[in-house]
A.B. asks: 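The structure under discussion is supplied below as structure tokens; questions concerning it will follow.
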Amino acid sequence: VYCYIESSRGNIWIGTNRGLVFIKDGNSRLYKTADGLSGNAVYCILEDSDGLIWVGTSSGLSRIRYLQPGDVSIDQVPGKHHVNPIYEDHEHNIWFCGWGMGMIKLRDRDFKSYLADKGIPDNYNILGKDKEGNIWLGSFHGELFIYKNGRFEKQFDLGDGTPLYR
């Protein structure tokens, strides 16, 4: 088990290396690539403010919509990268990171990419927010970034141990 959430509907979603487990009223179902999931290894799950379930897998990002009781629809978001983590900001943008693809912001159907060539590393392990709503991003390279004023700024680099945050 890599992750789990309890949705606003009281359902349990569990990410495993064999797919996404859905538990409702004591009954379970395993969703896999054959069901439309982008990959079988599920590393992160997010329920957004609209009740959509976002699933980060070893092979991309999937979006799950509830249709009728007990039935869901699974869509794949374009891209075939390992996705982890996923986050929704206060403006309802969905942010996700993928190994080798940088940081992506999704608003409706528009993607904005923040890539390594703009000073953003390509491998992440944490994504979160502070009490002001700023997005924080930590990399496998020991760097910590904050998203402010429409761009990411490096705040710390473990490589040389120098705190950049003042």
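Computed over heavy atoms, backbone and side chain alike; hydrogens, waters and symmetry mates excluded. Predicted model only: the values in this text are computed from it and were never measured.
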A.B. asks: Quick one: which residue pairs count as a salt bridge (Lys or Arg N to Asp or Glu O under 4.0 Å) with a foot in residues 31-45, not counting sequence neighbours?
C.D. replies: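 Every salt bridge (Lys or Arg N to Asp or Glu O under 4.0 Å) pair that includes a residue of residues 31-45, provided the two are not neighbours, is Arg29-Asp35.
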A.B. asks: Between Tyr31 and Val72, is any pair of side-chain heavy atoms under 4.5 Å apart?
C.D. replies: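 Contact flag for Tyr31/Val72 side chains = yes.
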A.B. asks: Is there side-chain contact between Tyr87 and Phe96, with at least one heavy-atom pair below 4.5 Å?
C.D. replies: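 When only atoms from C-beta onward are counted, Phe96 and Tyr87 do not touch, as no gap falls below 4.5 Å.
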A.B. asks: Give a yes-or-no answer on whether the side chains of Asp89 and Tyr147 include a donor-acceptor pair shorter than 3.5 Å.
C.D. replies: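 The answer is no; no qualifying pair exists.
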A.B. asks: So do Tyr2 and Asn17 actually touch side chain to side chain, heavy atoms under 4.5 Å?
C.D. replies: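 When only atoms from C-beta onward are counted, Tyr2 and Asn17 do touch, with a gap below 4.5 Å.
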A.B. asks: Can you find a pair of side-chain heavy atoms, one from Arg9 and one from Tyr66, that are under 4.5 Å apart?
C.D. replies: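 SC-SC contact between Arg9 and Tyr66 confirmed.
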A.B. asks: If I take atom NZ from residue Lys129 and atom CD1 from residue Ile135, how far apart are they, to the nearest 0.5 angstrom?
C.D. replies: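 Here the rounded value is 9.5 Å.
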A.B. asks: Atom CG of Leu106 and atom CH2 of Trp95: how far apart are they, to the nearest 0.5 Å?
C.D. replies: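 Those atoms lie 11.0 Å apart.
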A.B. asks: Using modelled atom types only, decide if a donor and an acceptor are shared between the side chain of Ser59 and the backbone of Gly39 within a distance under 3.5 Å.
C.D. replies: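 Not at all, since once roles are kept as given, no pair shorter than 3.5 Å links the two residues.
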A.B. asks: May I ask whether Val1 and Ile23 are part of the same hydrophobic cluster, defined by side-chain heavy atoms of I, L, V, M, F, W, Y residues being less than 4.5 angstrom apart, directly or through others?
C.D. replies: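 In one cluster with Val1: Ile23, yes.
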A.B. asks: Run the side chain to side chain contact (heavy atoms under 4.5 Å, CB included) test on Ile64 and Val55 for me, step by step, so that the C-alpha distance in whole Å, both residues' side-chain angles and the decisive distance to 0.1 Å come before the verdict.
C.D. replies: CA-CA 8 Å; Ile64 299 175; Val55 181; 3.9 Å; yes
A.B. asks: What distance separates Ile146 CD1 from Glu153 CD, expressed to the nearest 0.5 Å?
C.D. replies: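 Between atom CD1 of Ile146 and atom CD of Glu153 there are 7.5 Å.
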A.B. asks: For the CG atom of Asp50 and the OG atom of Ser8, what is their distance to the nearest 0.5 Å?
C.D. replies: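 Separation between the atoms: 10.5 Å.
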A.B. asks: State, with a plain yes or no, whether a side-chain heavy atom of Asn11 is found less than 4.5 Å away from one of Glu6.
C.D. replies: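 A side-chain contact is absent here, since even the closest heavy-atom pair is not under 4.5 Å.
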A.B. asks: If Ile, Leu, Val, Met, Phe, Trp and Tyr residues are connected whenever their side-chain heavy atoms lie under 4.5 Å apart, and connections chain through other members, are Ile86 and Tyr43 in the same group?
C.D. replies: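 Per the 4.5 Å side-chain linkage, Ile86 and Tyr43 are not co-clustered.
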A.B. asks: Using salt bridge (Lys or Arg N to Asp or Glu O under 4.0 Å) as the criterion, list what pairs up with Arg65, not counting sequence neighbours.
C.D. replies: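 Checked Arg65 against salt bridge (Lys or Arg N to Asp or Glu O under 4.0 Å); matches are Asp75.
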A.B. asks: Where do Gly36 and Ile74 come nearest, in terms of heavy atoms and distance?
C.D. replies: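 Looking at all heavy atoms of both residues, the closest pair is O-CG2, 3.4 Å.
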A.B. asks: Taking atom CG of Leu144 and atom CZ of Phe152, what is their separation to the nearest 0.5 Å?
C.D. replies: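 If we round to the nearest 0.5 Å, Leu144:CG and Phe152:CZ are 11.0 Å apart.
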A.B. asks: If we count only N and O atoms by modelled type, under 3.5 Å, do the side chains of His82 and Ser58 hold a donor and an acceptor together?
C.D. replies: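 Note: His82 and Ser58 side chains miss the donor-acceptor criterion.
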A.B. asks: Given side chain to side chain contact (heavy atoms under 4.5 Å, CB included), test Val42 with Leu37 step by step and report yes or no.
C.D. replies: CA-CA 9 Å; Val42 175; Leu37 203 61; 3.9 Å; yes
A.B. asks: First locate atom CG of Asp48, then atom NE2 of His92, and finally report the distance between them rounded to the nearest 0.5 Å.
C.D. replies: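 Separation between the atoms: 9.0 Å.
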A.B. asks: Is it the case that one hydrophobic cluster holds both Ile14 and Leu20, taking links as side-chain heavy atoms less than 4.5 Å apart, direct or via other members?
C.D. replies: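 Shared cluster, no.
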A.B. asks: Do Val21 and Tyr4 come close enough that some side-chain heavy atom pair is under 4.5 Å?
C.D. replies: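 Result no, sub-4.5 Å side-chain heavy-atom pair not found.
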A.B. asks: Might you work through the side chain to side chain contact (heavy atoms under 4.5 Å, CB included) test for Trp54 and Leu61, ending with a clear yes or no?
C.D. replies: CA-CA 7 Å; Trp54 297 85; Leu61 182 66; 3.8 Å; yes
A.B. asks: Keeping Asp130 on the side-chain end and Glu132 on the backbone end, is there a donor-acceptor pair under 3.5 Å?
C.D. replies: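 Flag set: sc Asp130 to bb Glu132 pair under 3.5 Å.
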A.B. asks: Could you walk me through whether Phe145 and Gln155 satisfy the side chain to side chain contact (heavy atoms under 4.5 Å, CB included) test, starting with their C-alpha distance in whole Å, then the side-chain angles of each, then the deciding distance to 0.1 Å, before giving a yes or no?
C.D. replies: CA-CA 5 Å; Phe145 294 83; Gln155 300 298 302; 5.9 Å; no
A.B. asks: I'd like to check the side-chain contact (heavy atoms from CB on, under 4.5 Å) partners of Ile5; sequence neighbours left out, ordered by chain and number.
C.D. replies: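 If we apply the side-chain contact (heavy atoms from CB on, under 4.5 Å) test to Ile5, skipping adjacent residues, the hits are Trp13, Ile45, Glu47, Ile53.
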